[in-house]
Every structure is written in structure tokens, then in C-alpha cells.
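Along the sequence shown, residues carry numbers from 1. Hydrogens, waters and symmetry mates are skipped; everything else that's a heavy atom, side chains included, is used.
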Amino acid sequence: MTIFPPDPDPDALRLKLARLRADRGWTYDELAGRTGLSRRTVIDLEHGRTTGSITTWHTLAHVFDVPLDQLLGALCSGHTPPGTPQS
């Protein structure tokens, strides 16, 4: 029997990115300048038109000074993340 994991929630991830950017008052251009990503990439990530690479998300985590697992943890919105102790 194959057990499939729950589907990730890419909308929660893009909303997390948008909140982090908005909380700092950064424009798309400012975030692009701080990360070295193109403005188009930043916009596409926030609007769900691209998923980005692990390197992209690693860069964003550093720029926002948040742990990578906290940033990508948004993908588990709506279900228990793996490795979480069950009560």
C-alpha cells in the first residue's frame, strides 16, 4: 500500500512571501535588489506564476532573516508538517 503525503499549499507560501515583503515595507524592486533576483522573478513568485528553486527560497530566507523551514513551512498549511509530534 502506497501512502501519499498531503498536497503542499503553494498559495500559503506565496502569501507568506508577500507578508514578509509588506511587513518590511519593501517594494518589488527593493526585494529584487536585496536578493539579486530579477524584479520579474519576485513578482512571479508572489503571484504564483513560478515556484522558484531551493536556491531562490534559501536566498529569500536569508534576506528576510527567517529560518528556511519557517518560510517553506507555509507549504504545510492545512495539514500537520512531517516530524511534528502527534498529541
- request: Quick one: closest heavy-atom pair of Ser38 and Ala32, and the distance?
  value: C-CB, 3.9 Å
field: Minimal non-hydrogen separation, Asp29 against Arg39, with atom names
entry: OD1-CD, 2.7 Å
task: Decide if atom NE2 of His58 counts as having more than 12 heavy atoms of other residues, nucleotides or ligands within a radius under 6.0 Å.
output: no
Remaining members of hydrophobic cluster (4.5 Å side-chain criterion), Leu37: Leu13, Leu17, Leu20, Trp26, Tyr28, Leu31, Val42, Ile43, Leu45, Ile54, Trp57, Leu60, Val63, Phe64, Val66, Leu68, Leu71, Leu72, Leu75
message: Minimum heavy-atom separation for His79 and Asp7, please, with both atom names.
response: CE1-O, 3.4 Å
- line: One should read off an interatomic distance between Arg40 CZ and Thr50 OG1, to the nearest 0.5 angstrom, of 11.0 Å
- request: Decide yes or no on side-chain hydrogen bond (donor to acceptor under 3.5 Å, both in side chains) for Thr56 and Ser53, but give the supporting numbers first.
  value: CA-CA 5 Å; Thr56 298; Ser53 69; 3.1 Å; yes
message: Quick test of your reading: applying side-chain hydrogen bond (donor to acceptor under 3.5 Å, both in side chains), list the pairs with at least one residue in residues 11-20, sequence neighbours left out, ordered by first then second residue.
response: Asp11-Arg14
- request: Any chance you could measure Arg34, atom CZ, to Arg21, atom CZ, to the nearest 0.5 Å?
  value: 12.0 Å
field: Heavy-atom side-chain proximity of Cys76 to Pro6 below 4.5 angstrom
entry: no
- prompt: Taking everything shown except Asp23 itself, do over 12 heavy atoms lie less than 6.0 Å from its CG?
  reply: yes
